[in-house]
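Here the structure comes first, spelled out in structure tokens, and everything after it is commentary.
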Amino acid sequence: MIYLDNAATSWPKPDNVYQTMVEFLKTKGGNPGRGSHSMASGATEVIEETRGLIKSLINAPQRERIIFTFNCTDALNIGLKGLLREGDHVIISSLEHNSVIRPLNKLARKGVEISKIYPTNETGTVLPESIIKSIKKNTKLIVMTHASNVTGVIQPIQEYGKIARENNLILFVDAAQTAGKYPINVLEGKIDLLAFSGHKGLFGPPGTGILYIGERVDLDTIREGGTGSQSELEEQPTILPDRYESGTPNTLGICGLGAGVKFILSEGLEKIKMNGQYLIRKLIEG
């Protein structure tokens, strides 16, 4: 079989992903944070190790700013619905996935204003000056895909980050198609919110996603519940990452995700990128 659906879910995964997940279920399959026995402690260690690996991958300033989600769609919903309020204005591109369009359209019915800008026909990129022209007094957020699953064009995220900072706006990047395939540095790119999948370029299993929350952002929660911490409180904890990680996590999936990120860090992004370009050339020439 020749598998060409990696933009949806990568396959096959590196062997260490399969092996690590099986070993986890056999030896560390407890509920993290919900007990002091060895299996629960082992599960907690796996989650925090994976959090640290992702921190390194995107150059996040603190590990606790890495939030585990069900997928990239979930991460985008947490960011958009946790940030935007009636009267806010958001700038997006025409390249955005339904994971951005649909939550925003629901928010539009609650009074959020949306401006859509288009890439150029020549390069397929959204020009920074198009963003600048769209900024209004009530603009709060710029949402941009790093690369669309339709065109594959890499957008100049660092230029958008510069515009966001100069105008005191939040930049939210959808990196579902680029994380693990293309270098992402949240500090250099001045990215405030970054959502990405665990099951695509990061080689993790389905049901895994990540939301990075920068220091300039304070999101409201869209779900509350057990966190395995501060259980005496009847309100949601305010500490990160617990504030946004309610309920039993997909620890098995996060374990596999960590193994996938280890593979990427050991191989190196440049090697992975070059291999992808080789396969593209082979496909076109064939």
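The shown structure was predicted, so the numbers you read here are calculated from the model rather than taken from an experiment.
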Minimum-distance pair of heavy atoms, taken over all atoms of I67 and R51 = CA-NH1, 4.3 Å
Look only at the side chain of K28 and the backbone of L25, and say whether a donor-acceptor pair between them is shorter than 3.5 Å.
-> no
Flag if over 12 foreign heavy atoms under 6.0 Å of CZ, R102 = no
Donor-acceptor contacts under 3.5 Å from residues 109-119 side chains, at least two apart:
from : atom 1 : to   : atom 2 : distance (Å)
E113 : OE1    : N138 : ND2    : 3.2
E113 : OE2    : K136 : NZ     : 2.3
S115 : OG     : H89  : NE2    : 2.7

Do N250 side-chain atoms and G253 backbone N/O form a donor-acceptor pair below 3.5 Å?
-> yes
Donor-acceptor pair, side chain of K181 and main chain of I272, under 3.5 angstrom = no
Without swapping roles, check the side chain of S197 against the backbone of K200 for a donor-acceptor pair under 3.5 Å.
-> no
Taking everything shown except Y3 itself, do over 12 heavy atoms lie less than 6.0 Å from its OH?
-> yes
Does any N or O in the side chain of Q158 come within less than 3.5 Å of the main-chain N or O of E188, such that one atom is a donor and the other an acceptor?
-> yes
Transitive ILVMFWY side-chain link I163 to I184, under 4.5 Å = yes
Residues E64 and K55 bridged, charged N to O under 4.0 Å = no
Test item: N275 side-chain N/O and K271 main-chain N/O as donor-acceptor pair under 3.5 Å = no
Grab the two heavy atoms, one from A75 and one from F172, that are nearest each other, plus how far apart they are.
-> O-CZ, 4.0 Å
Taking atom types as modelled, is there a side-chain donor on H199 or T9 under 3.5 Å from an acceptor on the other?
-> yes
Taking atom types as modelled, is there a side-chain donor on E23 or T20 under 3.5 Å from an acceptor on the other?
-> no
From CA spacing to verdict: side-chain contact (heavy atoms from CB on, under 4.5 Å), N168, R216 = CA-CA 10 Å; N168 196 29; R216 300 172 68 238; 3.4 Å; yes
Give a yes or no on whether a salt bridge exists between R85 and D220, defined as a side-chain N under 4.0 angstrom from a carboxylate O.
-> yes
Mark yes when over 12 heavy atoms from residues, nucleotides or ligands other than Q277 sit less than 6.0 Å from its CD; otherwise mark no.
-> yes
Is any side-chain heavy atom of F196 less than 4.5 Å from a side-chain heavy atom of V173?
-> no
Given the rule in the side chain to side chain donor-acceptor pair (under 3.5 Å) test, do T44 and S41 qualify, once you have shown the distances and angles that lead to the verdict?
-> CA-CA 5 Å; T44 300; S41 299; over 6 Å; no
Is E129 atom CD crowded by more than 12 heavy atoms from other residues, nucleotides or ligands, each under 6.0 Å away?
-> yes
With a 4.0 Å cut-off, would you call D218 and R243 a salt bridge?
-> yes
Taking all non-hydrogen atoms of both residues, which atom of I66 and which atom of I58 are closest, and how far apart?
-> CD1-CD1, 3.8 Å
Between Q177 (side chain) and A7 (backbone), is there a donor-acceptor pair under 3.5 Å?
-> yes
Would you say the side chain of P61 lies within less than 4.5 Å of the side chain of Y212, judging by non-hydrogen atoms?
-> yes
Return yes if some donor-acceptor pair links the side-chain N/O of K133 with the main-chain N/O of P128 below 3.5 Å, else return no.
-> no
Assess whether side-chain contact (heavy atoms from CB on, under 4.5 Å) is satisfied between I131 and Y160, documenting all intermediate values.
-> CA-CA 8 Å; I131 297 176; Y160 307 155; 3.3 Å; yes
Indicate yes or no for a side-chain donor-acceptor contact from H97 to the backbone of V100 under 3.5 Å, with no hydrogens or angles considered.
-> no
So, are R281 and E285 salt-bridged, with charged N and O less than 4.0 Å apart?
-> no
For Q155 and T145 the tightest heavy-atom approach is CG-O, 3.4 Å
Side chain to side chain contact (heavy atoms under 4.5 Å, CB included) test vs F68 passes for just one of L211, L257, D74, T208, namely L257
Does E234 CD have over 12 foreign heavy atoms under 6.0 Å away?
-> no
Give the intermediate values and the outcome of side chain to side chain donor-acceptor pair (under 3.5 Å) for residues E245 and T227.
-> CA-CA 7 Å; E245 292 184 352; T227 57; over 6 Å; no
Closest contact, heavy atoms only, G260 versus F203 | CA-CB, 4.1 Å
Please say whether more than 12 non-hydrogen atoms of neighbouring residues, nucleotides or ligands are located less than 6.0 Å from NZ in K162.
-> no
Sub-3.5 Å donor-acceptor pair from the side chain of N185 to the main-chain atoms of L187, do we have one?
-> yes
Heavy-atom closest pair (L53 atom, K262 atom, distance to 0.1 Å) is CD1-CG, 3.6 Å
